[in-house]
Amino acid sequence: MSVTDNNIDLNQRLQKIRLLILDVDGVMTDGGLTIGDDGQEYKTFHSHDGLGMKLLKASGVSLAIITGRTSNVVKKRAETTGVAHFYQGVEDKLLAFHDLVKSSGLQPDQCAFMGDDVVDLPPMLQCGLAIAVPDSPALLLKHAHYVTYKSGGRGAVREVCELLMQAQGTFDAQMAQFLTQANISN
């Protein structure tokens, strides 16, 4: 579904969101798993996504990660991008989602979940805004309220961060700091 499809419903959902929950592989990364001979796992993140996450947090929307894999690289990425809630090595993402909702004091409809595969479907079906990347399986795409234009690991997270800020009226304020810096340096 694009922004123009069922625009009123999507905007209402976007305006309620206070927590963006992200899967990692296939959402924050392109889904590729690179593992060295020594067993070390490597991941590539997009810099635009990281800045988008920081701007979204500054606008008042919290961030969380729920991922099935365990990785020090992801933990470091979470720390550098301001992720407040971090769940890794999770086999049951719905259980983690319920724990996160309870501990944050939010309602499920105030949470968005961004996933890329059917293991993400249970929390997506219970949150207020289900987001999928375009190369997700058909079942996930069928149940998504929004499908990004950009692929996982290629700016999809930034797209969602900006979409949330625009719907909540905080985008211009977040961008103003960069325009001010440009005017000072000229």
Side-chain angles (χ1 to χ4, degrees), residues 17-106 110-124 127 129-136 140 148-165 170-171 174-175 177-178 181:
I17 300 305
R18 297 296 167 255
L19 176 65
L20 174 60
I21 307 164
L22 304 166
D23 176 39
V24 176
D25 297 318
V27 172
M28 294 178 68
T29 73
D30 67 4
L33 300 174
T34 305
I35 302 172
D37 288 339
D38 61 357
Q40 176 68 39
E41 186 173 299
Y42 301 92
K43 297 184 184 290
T44 301
F45 300 97
H46 199 292
S47 62
H48 292 178
D49 290 342
L51 181 57
M53 292 167 69
K54 290 176 183 178
L55 294 170
L56 184 64
K57 180 183 177 201
S59 78
V61 176
S62 296
L63 299 160
I65 289 175
I66 299 177
T67 180
R69 300 181 61 81
T70 301
S71 169
N72 285 330
V73 173
V74 175
K75 183 178 181 184
K76 288 179 182 176
R77 184 66 169 167
E79 291 169 356
T80 62
T81 54
V83 172
H85 311 279
F86 182 63
Y87 296 76
Q88 66 175 334
V90 173
E91 290 187 30
D92 185 339
K93 291 187 178 188
L94 183 58
L95 185 62
F97 173 75
H98 286 301
D99 181 67
L100 179 54
V101 168
K102 184 179 178 181
S103 67
S104 68
L106 296 172
Q110 295 176 296
C111 301
F113 194 103
M114 187 171 177
D116 74 309
D117 210 338
V118 293
V119 297
D120 301 315
L121 193 54
M124 288 175 69
C127 70
L129 178 62
I131 305 162
V133 293
D135 59 346
S136 299
L140 200 73
T148 62
Y149 293 94
K150 296 190 180 224
S151 298
R154 300 285 186 252
V157 173
R158 174 67 168 269
E159 177 183 331
V160 169
C161 291
E162 290 188 2
L163 192 66
L164 283 163
M165 288 185 289
T170 60
F171 181 78
Q174 289 303 314
M175 295 303 120
Q177 64 184 307
F178 303 106
Q181 289 174 7

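Atom CD1 of Ile17 and atom CG of Leu129 lie 5.0 Å apart (nearest 0.5 Å). Taking CD1 from Ile21 and CG from Leu100, the interatomic distance works out to 4.5 Å, rounded to the nearest 0.5 Å. Atoms OG1 and CG, from Thr170 and Leu56 in turn, are 7.0 Å apart once rounded to the nearest 0.5 Å. Note that SG of Cys161 is 6.5 Å distant from CG of Leu63, once rounded to the nearest 0.5 Å. Atom CZ of Arg154 and atom OG1 of Thr29 lie 9.0 Å apart (nearest 0.5 Å).
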Yes or no on side-chain contact (heavy atoms from CB on, under 4.5 Å) for Ile131 and Leu163, after CA distance, side-chain angles and deciding distance? CA-CA 12 Å; Ile131 305 162; Leu163 192 66; over 6 Å; no

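Evaluation of the side chain to side chain donor-acceptor pair (under 3.5 Å) rule for Asp49 yields no partner, not counting sequence neighbours. With sequence neighbours excluded, the residues forming a side chain to side chain contact (heavy atoms under 4.5 Å, CB included) with Ala78 are Ile65, Val83, Phe86, listed by chain and number. Residues satisfying the salt bridge (Lys or Arg N to Asp or Glu O under 4.0 Å) criterion with Arg18, sequence neighbours excluded, are absent altogether. Taking His85 as the reference, nothing meets the ring pair (Phe, Tyr, Trp, His ring centres under 6.0 Å) condition, with sequence neighbours excluded. For Asp92, there are no side chain to side chain donor-acceptor pair (under 3.5 Å) partners two or more places apart in sequence or in a different chain. Looking at residues two or more places apart in sequence or on another chain, you find a salt bridge (Lys or Arg N to Asp or Glu O under 4.0 Å) between Asp23 and Lys93. Taking the side chain to side chain contact (heavy atoms under 4.5 Å, CB included) definition, one finds that Glu159 meets it with Tyr146, Thr148, Tyr149, Lys150, sequence neighbours left out. The side chain to side chain donor-acceptor pair (under 3.5 Å) search around Lys43 returns Asp25, Glu41, not counting sequence neighbours.
Screening residues 19-68 for ring pair (Phe, Tyr, Trp, His ring centres under 6.0 Å) gives His46-His48 as the qualifying pairs, with residues at least two apart or on separate chains. Note on residues 73-88: no pairs pass salt bridge (Lys or Arg N to Asp or Glu O under 4.0 Å), not counting sequence neighbours. Applying the ring pair (Phe, Tyr, Trp, His ring centres under 6.0 Å) test to pairs two or more places apart or on separate chains, none has a residue in residues 59-80.
In this structure, the side chains of Arg69 and Val74 stay at 4.5 Å or more apart for every pair of heavy atoms. Annotation: side chain of Asp116 is in contact with side chain of Ser136 (closest heavy-atom distance under 4.5 Å). With a 4.5 Å cut-off on side-chain heavy atoms, Cys111 and Val101 count as touching. Side-chain contact check for Leu22 versus Met53: some heavy-atom pair is nearer than 4.5 Å. In this structure the side chain of Met165 reaches within 4.5 angstrom of the side chain of Leu55, judged on heavy atoms.
Glu162 places no side-chain N or O within donor-acceptor distance of the main-chain N or O of Phe171, the cut-off being under 3.5 Å.
Across all their heavy atoms, Val133 and Ala156 have their closest contact at CG1-CB, 4.0 Å. Contact detail for Val90 and Ala96: the closest heavy-atom pair is CG1-CB, 3.8 Å. Annotation for Gly89 and Thr70: closest pair CA-OG1, 3.3 Å, computed over non-hydrogen atoms. Asp120 and Leu140 make their closest contact through C-CD1, 4.5 Å (heavy atoms, listed as atom of the first residue, atom of the second, distance).
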Between side-chain atoms of residues 31-38 and protein atoms elsewhere (two or more places apart, or another chain), which donor-acceptor pairs fall under 3.5 Å?
{"residue": "Asp38", "atom": "OD1", "partner": "Gln40", "partner atom": "N", "Å": "2.9"}

